[in-house]
Amino acid sequence: MIEIRSLKNISFEQIYKAFESAFSDYEISVDRAELKSMLKRRGFNSALSFGAFSGDNIVAFTFNGIGKYNGCLTAYDTGTGTVKEFRGQGLAKRIFTHSMPFLKNVGVENYLLEVLQHNKSALKIYESLGFEILREFNSFTQKKRLVVNCISNKPIVCSTVTMQPENLLSAQSFCDFTPSWQNDIESIKRAGDDLVTLGTMVNSVLAGYCVFSPNSGDIAQIAVAPTFRRKGIASSLLKQMLEMAECDMVKVINAESPTPSLEAFLDSVGISLSGKQFEMRLKLQGVTNYN
């Protein structure tokens, strides 16, 4: 018998075991430290996350992140999976339906998720539940050794400093799009020391910045003030990130499409398009039917 219940008081080891089992036949590998970091950054709330239990074993789950996003209390699907032997039983939909009253009860206004554009079956399910597509996202990856150094022979004179995430609020105007949930300022703050923030100063003025994970190579944000673009600022930041990176890959996840300036820069340094997703939203307040 399958029982749906909250993941409150479930140990991290049990959560990791469920995650590892659900994705054992996927081309991904996430160790304990990486999963812990991911859940922290995305605002994982165990009490408002739910799993399908067969006895004491979690056989399907949805890890929900909870936080403010674009001024609204939002729930974010930070990970959904089902163990292979239990697929095809509609467990993900059962978990979702079960969780909605709990999310609404604490005042969650929107439920946000991303889905791979080629995953037509998942897309059809989400649309049947009332989700709407908000944006298209591109993801880019490259092996660190294959990233091209394209710094100009005469780059602008600048210096790089370490910054606190709080100091980036005014610099969000540098961005050409609103960052996704996992790359938003609130997520960056939650990540703490897992992420590094660098700023490029020109004559004591912040000209550009980046936020990245040395452990995973994930670039959460990189942006340059419009008046300082095409002067080697982004390339200088990328060079610094590559020197600090402890992994073999560099990746930019959930860049809004189209964003010509970012796409042109990533293409110029050889960081290639690797995936496409839809950002989807369900408005919860006032919605009562999820079947």
Side-chain angles (χ1 to χ4, degrees), residues 7-8 10-13 15-16 18-20 22-23 28-49 61-81 103 108 110-116 135 137-141 162-169 171-172 175 177-199 209-223 237 241 244-247 249-256 274-275 277 279-281:
L7 298 181
K8 183 179 181 180
I10 300 298
S11 70
F12 175 76
E13 280 303 312
I15 285 172
Y16 178 74
F19 185 90
E20 186 180 42
F23 293 101
I28 64 170
S29 178
V30 177
D31 63 26
R32 286 171 174 78
E34 289 170 330
L35 181 61
K36 189 170 289 188
S37 177
M38 182 186 82
L39 293 178
K40 179 173 72 169
R41 176 172 164 186
R42 298 182 184 183
F44 172 62
N45 184 311
S46 61
L48 292 172
S49 297
F61 57 83
T62 293
F63 301 147
N64 287 324
I66 307 293
K68 286 283 188 177
Y69 184 71
N70 289 339
C72 297
L73 185 62
T74 301
Y76 172 75
D77 182 354
T78 195
T80 290
L103 297 176
V108 171
N110 295 316
Y111 192 93
L112 200 66
L113 57 80
E114 290 120 25
V115 59
L116 291 169
R135 297 186 284 178
F137 286 148
N138 287 338
S139 296
F140 304 82
T141 59
T162 303
M163 301 176 61
Q164 296 299 316
E166 293 79 6
N167 297 331
L168 291 181
L169 291 175
Q172 293 300 283
C175 299
F177 62 91
T178 300
S180 68
W181 173 278
Q182 70 186 61
N183 296 329
D184 183 63
I185 285 291
E186 294 304 313
S187 290
I188 291 169
K189 289 178 182 177
R190 286 192 292 264
D193 294 339
D194 292 343
L195 298 179
V196 173
T197 302
L198 301 176
Y209 72 90
C210 64
V211 185
F212 73 104
S213 167
N215 291 328
S216 69
D218 178 25
I219 302 174
Q221 291 192 23
I222 181 168
L237 287 166
M241 284 188 283
M244 298 177 69
E246 301 170 4
C247 62
M249 299 296 295
V250 177
K251 51 191 175 183
V252 176
I253 308 298
N254 292 350
E256 185 175 319
S274 58
Q277 296 198 109
E279 179 185 55
M280 304 187 76
R281 178 186 65 188

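Everything numeric in this text was worked out from a predicted model, so none of it was measured.
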Does the side chain of Asp194 pick up a donor-acceptor pair with the side chain of Ser37 at under 3.5 Å? yes
Going from CG on Leu103 to CG on Leu73, what distance comes out if it is rounded to the nearest 0.5 angstrom? 9.0 Å
Mind checking whether Phe61 and Ser49 have side chains closer than 4.5 Å, heavy atoms only? no
side-chain hydrogen bond (donor to acceptor under 3.5 Å, both in side chains) evaluation trace for Ser139 with Ser274: CA-CA 6 Å; Ser139 296; Ser274 58; 5.3 Å; no
Closest heavy-atom pair, Cys247 versus Gly217, reported as atoms and distance to 0.1 Å, is SG-N, 3.2 Å
Is there a side-chain contact (heavy atoms from CB on, under 4.5 Å) between Val115 and Met280 once you walk through the steps? CA-CA 8 Å; Val115 59; Met280 304 187 76; 3.6 Å; yes
Going through the checks in order, is the side-chain hydrogen bond (donor to acceptor under 3.5 Å, both in side chains) test met by Asn254 and Arg135? CA-CA 10 Å; Asn254 292 350; Arg135 297 186 284 178; over 6 Å; no
In terms of heavy-atom contacts, Asp77 and Tyr111 come closest through CB-OH, 3.4 Å
So Arg42 and Arg190, do their side chains get closer than 4.5 Å, heavy atoms only? no
Within 45° cone and under 6.0 Å: Lys251 NZ/CZ vs Phe140 ring: no
Hey, are the side chains of Leu39 and Thr78 touching, using non-hydrogen atoms and a 4.5 Å cut-off? yes
Note, Val196 side chain near Met244 side chain (heavy atom, < 4.5 Å): yes
Nearest atoms (heavy-atom pairs only) where Ile222 meets Met241: CD1-CE, 3.9 Å
Where do Phe44 and Ile15 come nearest, in terms of heavy atoms and distance? CZ-CD1, 3.9 Å
Note: Phe137 and Ser180 closest approach over all heavy atoms is CZ-CB, 3.7 Å
Intermediate values then yes/no, side-chain hydrogen bond (donor to acceptor under 3.5 Å, both in side chains), Ser187 and Asp184: CA-CA 5 Å; Ser187 290; Asp184 183 63; 5.5 Å; no
Salt bridge flag under 4.0 Å for residues Glu166 and Lys189: no
Spacing of CD1 belonging to Ile185 relative to SG belonging to Cys175, to within rounding of 0.5 Å: 8.0 Å
Which distance, rounded to the nearest 0.5 Å, do you find between the CG of Asn70 and the CG of Asn110? 9.0 Å
Any chance you could lay out the side-chain contact (heavy atoms from CB on, under 4.5 Å) test for Thr74 and Val108, step after step, and finish with the verdict? CA-CA 5 Å; Thr74 301; Val108 171; 5.5 Å; no
More than 12 foreign heavy atoms under 6.0 Å from NZ of Lys36: is that the case here? no
For side-chain contact (heavy atoms from CB on, under 4.5 Å), just list the numbers for Asn45 and Asn64, CA-CA rounded to whole Å, side-chain angles, deciding distance to a tenth of an Å, and then say yes or no. CA-CA 6 Å; Asn45 184 311; Asn64 287 324; 5.8 Å; no
Is the shortest side-chain heavy-atom distance between Asp218 and Arg41 below 4.5 Å? yes
Gap separating the CG atom of Asn183 from the CD1 atom of Ile188, nearest 0.5 angstrom: 7.0 Å
Shortest non-hydrogen contact between Leu35 and Tyr16, atoms and distance: CD2-CD1, 3.6 Å
Close side-chain approach of Met38 to Glu34, heavy-atom, < 4.5 Å: no
Should Leu112 and Glu279 count as side-chain neighbours, where that means a heavy-atom distance under 4.5 Å? yes
May I have the step-by-step check of side-chain hydrogen bond (donor to acceptor under 3.5 Å, both in side chains) for Glu186 and Tyr69, ending in yes or no? CA-CA 8 Å; Glu186 294 304 313; Tyr69 184 71; over 6 Å; no
After noting the C-alpha distance and the side-chain angles of Phe212 and Leu198, does the key distance pass the side-chain contact (heavy atoms from CB on, under 4.5 Å) rule? CA-CA 9 Å; Phe212 73 104; Leu198 301 176; 3.9 Å; yes
Separation of Asn167 CG from Thr162 OG1 (nearest 0.5 Å): 11.5 Å
With side chains defined as the heavy atoms from C-beta onward, is the minimum distance between Leu168 and Thr197 less than 4.5 Å? yes
